[in-house]
Amino acid sequence: MTIRVRFAPSPTGYLHIGSARTALFNYLFARHTGGSFLIRVEDTDLERSTEESTRSILEGLKWLGFEPDEEIVFQSDSADKHREAALRLLAEGKAYRDFTPKEDRTGKDIKQEIADKAREKGAEKDMRDNPYRDLPKEESDNRAEAGEPFAVRLKVAKDGKTSFEDAVYGLQERDYSEIEDLVLLRSDGHPLYNLAVVCDDIAMGITDVIRGQDHLTNTHKQILIYESLGEEKPNFAHLPLILAPGGKKLSKRHHGEIVALTTYRDRGFLAAAFRNYLALLGWSPKTEDELLGLDELIKVFSLEGINRSNAAFNFDANNPKRWTDDKALWMNAEYIRTLPVDELIPLVREELRGEQLWREEYDGEEREWFESTIELIRERFYTLKDFSEQGRAFFSEDFDFDKKAIEKNLGKHPDLREWLPALADKLEAIEDFTHDGIFPAVKEFCAEKGTKVGVVLNGARVLLTGQAVGPSMVAAIEQLGKEKTVMRLRSQVAWNE
RNA sequence: GACCCGUUCGUCUAGUGGUUAGGACACCGCCCUUUCACGGCGGCAACACGGGUUCGAGUCCCGUACGGGUCGCCA
């Protein structure tokens, strides 16, 4: 049987990085096994689902490169079928009508409320105490016909247990007494999540369900539905969760944009780097290779490599340099440094365009200069943003001077105020404006002034690029060219800041 | 609270009864160099705790602690 998996986000917000990883694992599993990767939008909650969210999620998936093999399925389109399934179970006596009036659940802390209620009842709670569970069929029919609203609940047997073999967590068992008679159909006729998922997975021919560990207990409920429906259940694989630093829950409320996938795209991550990083969170190839491109990931991916323990995403919200996990940042830098320039340039082009720094010439007559500049400055960059921020001076005259750079490299050497313009004069006279022409001139200049080359070059770096760090300075001078170099070295702007 | 899941360096992880417990990121030091967030070399640093089983336990069993998940006419 060919493998068919699906990624099933609910469009109630942006794409969470945990969901992105779930999508990744589904995608890798499908590609590795030669199966199909499908996407199903779980929009059965009409009140909370938004088109905006759907668009943003699909956009995120596209950025990561996970295009579905078949048309995207919208769960709400099949609501009629889900309802039919519930009604069939009702007719077969596997479900019953519950005439209990709907509880008002509009309160803020629903989760807390439910947990508190469960705590009160403790282990004494009888999951089979619904007064309508054994209502005679005739009475139930009559009340329904009279127009009394009812929800449809699955009639879970009193004794027995569900069990399944999870590909990650092993054998899972749950006693029926722990499972309530779950609601299949709301009193307004609206099908609910567990029913919809099962029906759709059957309809889509899903063979392997790979999803977050938060669904582990739902799985037992879904198995009951599969069994009632007389359908074969798929294989299950539950993924460990991604936690915040300290092992706490990673949530939008407490951690903000850090959990949104789009943040990574917008802050200069390469999709390839982020995919690579995400793959290593909760999964291991069991080799010492960590830099794995998509093709390699597909080749070596297997469910056996998935961990059972949750992984903490490590970052420090108060430190701009560590706005996200160190290793993710390092990996992105690694991709920026090693990607073939041809592949990097389109990404840099987008970045520069976004900041109004792009010039069409870079694709034409200045292509060579542009390429060598990228080649030169990418060495110490961490994100694509660095090309328009730290690297700005290579593409524009309008760049800022880093305060610390001024302090450290100019402030401590007041002589530079005279020296750098003097250096400009010296450089202006050079015929051969290349490394071999520039470097000896700089050395000679420093010898004349009786200072270290580093002092002068560092000072020059500030005036030329506004930065305290960067590529080899002589190479940078060559790259900028004589005109800009001379002009910037003579400028007093930085000194007056 | 009940049920379920988990616990190896600060973080991500390798490890399936005998290892000097390996790698990566971060951190620190040294080297290279014309400076730096490049590069090279090196260092610091972990089996949650307590009992078993065993000649021998990070690896198996039982408890404890801690953390996480779930418990809805949400998904």
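Residue numbers start from 1 in every chain, and the chains themselves are labelled A, B, ... in the order their sequence lines are given, proteins ahead of strands.
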*Quick one, give me the B/S/- string for nucleotides 21-27 of chain B, reading 5' to 3', where B means a protein heavy atom under 4.0 Å from the base and S means that only happens at the primed atoms, P, OP1 or OP2.*
-SBBSSS
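- The side-chain hydrogen bond (donor to acceptor under 3.5 Å, both in side chains) analysis of residues 400-412 of chain A, with sequence neighbours excluded, yields no pairs.
- Tyr193(A) pairs by the ring pair (Phe, Tyr, Trp, His ring centres under 6.0 Å) definition with His215(A), not counting sequence neighbours.
- When the salt bridge (charged side-chain N to carboxylate O under 4.0 Å, His left out) test is applied to Lys155(A), the partners found at least two apart in sequence or on another chain are Asp134(A).
- Using a 4.0 Å heavy-atom criterion, one finds that Asp175(A) contacts no nucleic acid atom at all.
- Of the possible donor and acceptor atoms, none in the side chain of His82(A) sits under 3.5 Å from a partner among the backbone N and O of Leu185(A).
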Please set out all donor-acceptor pairs under 3.5 angstrom arising from side-chain atoms of residues 166-174 of chain A, sequence neighbours excluded.
residue   : atom : partner   : partner atom : Å
Asp166(A) : OD1  : Val168(A) : N            : 2.8
Asp166(A) : OD1  : Tyr169(A) : N            : 2.8
Asp166(A) : OD1  : His238(A) : N            : 3.3
Asp166(A) : OD2  : His238(A) : N            : 3.2
Asp166(A) : OD2  : His238(A) : ND1          : 2.6
Tyr169(A) : OH   : Gln213(A) : NE2          : 3.2
Tyr169(A) : OH   : Arg308(A) : O            : 3.0
Gln172(A) : NE2  : Tyr169(A) : O            : 3.2
Glu173(A) : OE2  : Lys161(A) : NZ           : 3.1

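- In this structure, Phe439(A) reaches the bases: a heavy-atom distance under 4.0 Å links it to at least one base atom across the strands shown.
- Pro101(A) comes within 4.0 angstrom of a base, heavy atoms only.
- Applying the salt bridge (charged side-chain N to carboxylate O under 4.0 Å, His left out) criterion to Arg337(A), with sequence neighbours excluded, gives Glu334(A).
- Look at CG on Leu376(A): it is 15 Å from P on rG39(B), rounded to the nearest Å.
- Remark: Tyr176(A) engages no residue in a ring pair (Phe, Tyr, Trp, His ring centres under 6.0 Å) (not counting sequence neighbours).
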Donor-acceptor contacts, no H, no angles, side chain residues 445-465 of chain A, under 3.5 Å, sequence neighbours left out:
residue   : atom : partner   : partner atom : Å
Glu448(A) : OE2  : Lys426(A) : NZ           : 3.2
Arg461(A) : NH1  : Pro471(A) : O            : 3.1
Arg461(A) : NH2  : Pro471(A) : O            : 3.1
Thr465(A) : OG1  : Arg461(A) : O            : 2.8
Thr465(A) : OG1  : Gln467(A) : N            : 3.2

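- Contacts between residues 449-465 of chain A and RNA chain B, counted as heavy-atom distances below 4.0 Å, involve Val453(A), Gly454(A), Leu457(A), Asn458(A), Arg461(A).
- Comparing Arg337(A) and Ala312(A), the nucleotide of RNA chain B nearest to each residue sits closer to the 5' end for Ala312(A).
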*Worked verdict on Asn194(A) versus Gln222(A) for side chain to side chain donor-acceptor pair (under 3.5 Å)*: CA-CA 6 Å; Asn194(A) 283 303; Gln222(A) 292 173 13; 2.9 Å; yes
Between N or O atoms, less than 3.5 Å apart, protein on one side and nucleotides 58-69 of chain B on the other: list the pairs.
residue : atom : partner   : partner atom : Å
rG68(B) : O2'  : Asn310(A) : ND2          : 3.0

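- A search for side-chain contact (heavy atoms from CB on, under 4.5 Å) contacts involving Asp316(A) returns Asn318(A), Asn319(A), Arg322(A), not counting sequence neighbours.
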Exercise answer: donor-acceptor pairs, residues 15-24 of chain A side-chain atoms, under 3.5 Å, sequence neighbours excluded:
residue  : atom : partner   : partner atom : Å
His16(A) : ND1  : Gly18(A)  : N            : 2.8
Arg21(A) : NH1  : Leu281(A) : O            : 2.6
Arg21(A) : NH2  : Pro240(A) : O            : 2.3
Thr22(A) : OG1  : Gly18(A)  : O            : 3.1

